[in-house]
Amino acid sequence: MTTKIGFIGLGAMGLPMSSNLQRKGFAVTVFDLDQSKMDEVAALGAKKAASVAEASKGQDIVITVLPATPHVEAVVLGEDGVLANIDDGALLMDLSTIDAKGTDRVAAACAAKGIGFVDAPIGRLALHAQRGESLFMVGASDEDFARVEPALNAMGTDIFRCGAPGMGSRMKLINNFMLLSTAQIVAESIALGTKLGLDIQTMHDVTGGTTARNGQFHVLMVNKALKGDIEPGFTIDLAFKDLTLAMNAAAENRVGLPMGAAAHAVFGGARAKDYASKDYSALLNYACENAGVKTPRMD
């Protein structure tokens with residue numbers, strides 16, 4: 001029997017993921033506030049819902065991919081949200097990157113209603129989502145994981161079990177803290193190298209052959225900012241949100257994150273300018289602007 005999936009949230013990640021599910025044989029019903037995005041998935045054969053409620057009813061699995069904690073809680077816990085309309089025996093899987101305590105609240109609300117719950121935040125970039133090569137950090141019971149595993153395999157290539165519900169969100173917090181802080185170091189390094197007269201290809205090749213190699217330079221930057229493309233992707237606004245989650249978690253647990261605090265401040269400065277809605281690889285443009293050099297290109 002074909003698995004029926006209600007998919008809510010068709011942003012940079014949700015749109016290609018829902019499309020891959022539809023292409024790979026799932027019966028997908030989509031909902032997003034942007035009609036044009038629903039039209040794209042509908043062109044592949046998916047159904048369009050007129051509301052969250054409609055997208056939630058009659059589904060085996062409801063998937064949410066939303067920007068932040070308040071959006072997830074409103075969509076899932078709201079008066080006419082997912083939990084008010086989901087069928088008995090169905091399951092909710094949230095792929096959003098949100099506050100772990102928010103995930104815990106959603107998980108508890110699902111448990112109270114007897115609805116299965118999985119948190120499976122997404123790793124990697126939008127380009128990977130388009131190719132069906134995403135990574136998922138999964139918090140789930142064994143039973144619920146078995147129910148969502150085929151859908152995860154249709155959207156990605158690497159699935160990591162991180163523990164019980166809520167552990168996926170906690171792993172994503174650490175993952176994004178690391179990669180976003182690294183992206184800022186990479187941006188500053190390239191800006192400094194450019195100021196010193198180094199060629200960008202030289203910087204790329206040498207660091208690619210040492211332990212300085214990392215995905216922020218050798219995957220992100222070369223595919224985005226170094227090609228002159230800073231359209232999202234993953235915006236600096238959302239990156240700032242994720243760093244804020246990490247800093248808040250650190251404060252709540254009495255953990256000092258001095259390097260993270262510095263990166264958080266830089267993201268805050270970048271989003272106060274023209275970069276808020278740009279891809280987070282635009283940190284390179286921001287660093288080069290501050291260094292008084294032109295952003296290098298690798299076309």
Side-chain angles (χ1 to χ4, degrees), residues 1-9 13-14 17-18 20-22 24-31 46 49 52-66 68-69 71-78 81-124 129 132-175:
M1 182 181 295
T2 302
T3 301
K4 294 178 289 184
I5 295 180
F7 203 106
I8 301 168
M13 294 295 192
M17 286 180 170
S18 60
N20 282 325
L21 286 169
Q22 182 63 37
K24 294 178 182 179
F26 294 84
V28 180
T29 299
V30 294
F31 176 72
V52 168
E54 186 178 330
S56 303
K57 293 174 182 175
Q59 310 298 337
D60 300 308
I61 299 170
V62 176
I63 296 176
T64 48
V65 191
L66 300 164
T69 308
H71 303 95
V72 173
E73 292 191 313
V75 165
V76 174
L77 307 179
V82 174
L83 284 187
N85 293 280
I86 196 169
D87 289 12
D88 292 340
L91 179 147
L92 170 66
M93 179 163 65
D94 182 37
L95 308 185
S96 313
T97 299
I98 65 173
D99 177 16
K101 289 185 175 180
T103 296
D104 293 345
R105 289 190 292 271
V106 171
C110 287
K113 192 171 179 178
I115 298 296
F117 175 74
V118 174
D119 58 303
I122 307 157
R124 300 185 179 145
E133 297 173 356
S134 292
L135 176 152
F136 296 97
M137 305 162 224
V138 184
S141 68
D142 290 343
E143 179 183 356
D144 289 342
F145 177 73
R147 293 178 65 185
V148 301
E149 188 176 14
L152 292 172
N153 282 326
M155 298 183 287
T157 53
D158 292 276
I159 303 169
F160 290 92
R161 295 288 303 279
C162 299
M167 289 298 109
S169 286
R170 287 166 169 83
M171 185 64 238
K172 182 61 184 292
L173 182 151
I174 298 305
N175 182 79

What verdict does the side-chain contact (heavy atoms from CB on, under 4.5 Å) test give for Val118 and Arg147, after you've listed the backbone C-alpha separation in whole Å, the side-chain angles of each residue and the deciding distance to 0.1 Å?
CA-CA 10 Å; Val118 174; Arg147 293 178 65 185; over 6 Å; no
Let me see the working for Phe136 and Ile122 under side-chain contact (heavy atoms from CB on, under 4.5 Å), right down to the final yes or no.
CA-CA 5 Å; Phe136 296 97; Ile122 307 157; 3.9 Å; yes
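Inter-residue side-chain proximity for Met93 and Leu152 is flagged as met; some heavy-atom pair is nearer than 4.5 Å. Residues Phe26 and Pro150 form a side-chain contact, since some pair of their non-hydrogen atoms from C-beta on lies under 4.5 Å apart. At least one side-chain heavy atom of Leu92 sits under 4.5 Å from a side-chain heavy atom of Thr64. The shortest side-chain heavy-atom distance between Gln22 and Phe7 does not fall under the 4.5 Å cut-off. Counting heavy atoms from C-beta on, the side chains of Ile63 and Leu21 come closer than 4.5 Å. Side-chain contact between Cys162 and Met137 is present, with heavy atoms from C-beta onward closer than 4.5 Å. Taking 4.5 Å as the limit, every side-chain heavy atom of Phe160 sits out of range of all side-chain heavy atoms of Met171. Taking the side chain as every heavy atom from C-beta outward, Val72 and Asp94 approach each other to under 4.5 Å.
Distance alone, capped at 3.5 Å, is enough to place a donor-acceptor pair between the Asp119 side chain and the Ser169 backbone. The main-chain N or O of Ala154 is found under 3.5 Å from a side-chain atom of Lys24 such that the two form a donor-acceptor pair.
Pairing each heavy atom of Asp104 with each of Arg170, the nearest pair is OD2-NH2, 2.8 Å. Of all non-hydrogen atoms in Asp144 and Phe117, the two that sit nearest each other are OD2-N, 3.4 Å. The two atoms that bring Ala120 and Val138 nearest to each other are CB-CG2, 4.0 Å, heavy atoms only. Nearest approach of Ala49 to Thr29, heavy atoms of both residues: CB-CG2, 3.8 Å. Nearest heavy atom pair, residue Ser134 against residue Ala129, reads OG-CA, 3.4 Å. Looking at every heavy atom in both residues, Val52 comes nearest to Val75 through CG1-O, 3.8 Å.
The line from CD1 of Ile8 to CG of Leu66 is 7.5 Å long, rounded to the nearest 0.5 Å. Between atom CG of residue Leu135 and atom CG of residue Asn175 there is a gap of 7.5 Å, rounded to the nearest 0.5 Å. In this structure, the separation between CD1 on Ile86 and CG on Leu91 is 7.0 Å, given to the nearest 0.5 Å. Atom-to-atom distance recorded for Leu83:CG and Cys110:SG is 4.5 Å, nearest 0.5 angstrom. Rounded to the nearest 0.5 angstrom, Arg161 CZ and Glu149 CD are separated by 8.5 Å.
Partners of Asp99 by side chain to side chain contact (heavy atoms under 4.5 Å, CB included), not counting sequence neighbours, listed by chain and number: Thr69, Lys101, Leu245.
For residues 150-159, the side-chain hydrogen bond (donor to acceptor under 3.5 Å, both in side chains) pairs, not counting sequence neighbours, are Arg124-Thr157, Arg124-Asp158.
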